[in-house]
Number of protein chains: 2
Amino acid sequence: MTTTALKARKEFGKTLASDIAHRLRNEIVTCRLKPNESLKFDALRLSFGASFTTLREALTSLAAEGLVVTEEQRGYKVAPVTLEDLADLTHARILIEVDLLRRSIEKGDDDWEIRVISSLHRLARIEERAPEDYANNAEWKAAHRQFHEALVSASGSPTLLAMRNALFDRAERYRNLSAMFRPRPRDKAGEHRALMQAAIGRNADQACDLIRSHIQTTSDNVAKYAADVIGAT
Amino acid sequence: MTTTALKARKEFGKTLASDIAHRLRNEIVTCRLKPNESLKFDALRLSFGASFTTLREALTSLAAEGLVVTEEQRGYKVAPVTLEDLADLTHARILIEVDLLRRSIEKGDDDWEIRVISSLHRLARIEERAPEDYANNAEWKAAHRQFHEALVSASGSPTLLAMRNALFDRAERYRNLSAMFRPRPRDKAGEHRALMQAAIGRNADQACDLIRSHIQTTSDNVAKYAADVIGAT
DNA sequence: ATGAGCAATATTTTCGAAAATACTTGCTTC
DNA sequence: GAAGCAAGTATTTTCGAAAATATTGCTCAT
């Protein structure tokens, strides 16, 4: 990243602070900002071109999401990655995602079915086009996120959905971390298709089992391939 | 609240912003700041004696907890109360709290048992001393919170515990709201005792049933007594 | 050498002014 | 009289300087 100060301009959110939070979140999830790295205001001000207080506001939201931690009076740092945290996170994700999926399958209407089918279709197309390294592909990541989001989108639980989204980001950071050290990504296309079919077929128990093992297996793989770089404690 | 500007000084947290967040949270949960009330910076600055940016940081955390909502460029307001929100909240609380309780019962050690027993004891003492209106008593509320916190304190899931705490605050606001209109509080002493006994007796299924219906019944009562003041949409 | 105390430096935290944006009021036109 | 516009006011959002706090590096006594 260049060291010349930039004059930040909004691209995404309506306020600069939310925009910065969005960009910072991305830097952290993709591990361009490394776990445990300390987030000094002078440096951030240079990279993001915003003032102390605006950055502070952005960091406050990220701390609430769990991507950043703060020791009061001693600044902020990127949240550490540990096997304990990964296990904690995985447990929480399964609990919440299974509940959301079950209720989505119960309540989902035609539009929901269409969202599920079309987001899977898009995902499959991207995988066809770049069968080698799609897991490092930002487009694939966005489509992957959208497919999983579509599955739970009819649950009608804003509170749990917001929590799910924060957890998804935290998990994606671990996925990206393990992708750096993994010889070749597991093929998830079959799992995604089965998940879609169970959901659309309103086979709730089966779909919940699938999502549970989908999340758990991903987590296990991360633990396996990234164990070296992930702090044990 | 007096209209003379105060020079804020820290009482609680290490930074002023976290201190203000703490005080604001309390004002909102106790409904001294009413649902939907718009939170103007000039007014807040007067009451809390902090500057724009410090207040903004505090509001950002409260927004993440769901006690405050923001429409970008149009400021902050106290989160509305609705029957939908109450139902959403209750569902999320049951899902998370049941999971935490079950795992607490599985893992809890001697210290956990002591925390559960002693916090219930304190609660019972307070109820004895003020059998009439203990539900409006700040001391009782703190003890009540601590008892429920003790129950789940051995679960070892920081992520879900943090979520649980935020949900507890949101729920307490609804409880306080209904307490204003309710002739007489339901007697929860028996439920609390049964909960303690099931937990200490390591009877996980029974304890989970009890906590589930404890939360659900409380929510139903709130809906019943506060329906008038709670927006239907 | 080692650690305590203190000065110098680095960093975070807080402030109030200035810029940007939204809202209101009163006027004009149809 | 209603709709649209414009100027003025209210409010939020952003900034960089100043205050508070933490960290580092040095001196000196043991």
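The chains referred to below are lettered A, B, ... by the order of the sequence lines, with proteins before strands, and numbering in each begins at 1.
- Looking at heavy-atom distances under 4.0 Å, B:Leu39 makes contact with sugar-phosphate atoms alone, never a base.
- In this model, the phosphate group of D:dT23 is approached by a side-chain N or O of A:Arg74 to a distance below 4.0 Å at OP1 or OP2.
- Closest approach to the B:Ala50 side chain among C:dC15, D:dT14, C:dT21 is made by C:dC15 (side chain taken as heavy atoms from C-beta onward).
- Across the protein-nucleic acid pair, B:Asp42 atom CG and D:dT13 atom P stand 13 Å apart, rounded to whole Å.
- Whole-Å rounding puts the A:Arg45 CZ to D:dC15 P distance at 10 Å.
- Across all strands, A:Thr54 comes closer than 4.0 Å only to sugar-phosphate atoms, never to a base (heavy-atom distances).
- Using a 4.0 Å cut-off between charged side-chain N and carboxylate O, A:Lys14 and A:Asp19 make no salt bridge.
- Between B:Glu139 and B:Arg129, at least one side-chain N (NZ, or NE/NH1/NH2) sits under 4.0 Å from a carboxylate O, which counts as a salt bridge.
- Look at CZ on A:Phe52: it is 11 Å from P on C:dT11, rounded to the nearest Å.
- Whole-Å rounding puts the A:Phe41 CZ to D:dT21 C1' distance at 14 Å.
- Atom pair B:Leu59:CG and D:dT14:P shows a separation of 14 Å (rounding to whole Å applied).
- To the nearest angstrom, C1' of D:dT21 lies 9 Å from NZ of B:Lys14.
- In this structure, B:Glu71 places its CD atom 14 Å from C1' of C:dT21, rounding to the nearest Å.
- The side-chain heavy atoms of A:Val116 and A:Phe147, taken from C-beta on, include a pair separated by under 4.5 Å.
- Distance from the side chain of B:Thr53 is smallest for D:dC15 among the nucleotides D:dT13, D:dC15, D:dA17.
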Item to check | Criterion side chain to side chain contact (heavy atoms under 4.5 Å, CB included) on B:Val222 and B:Leu177, from CA distance to verdict | outcome: CA-CA 8 Å; B:Val222 169; B:Leu177 201 60; 5.8 Å; no
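- Look at CG on B:Leu55: it is 15 Å from P on D:dT11, rounded to the nearest Å.
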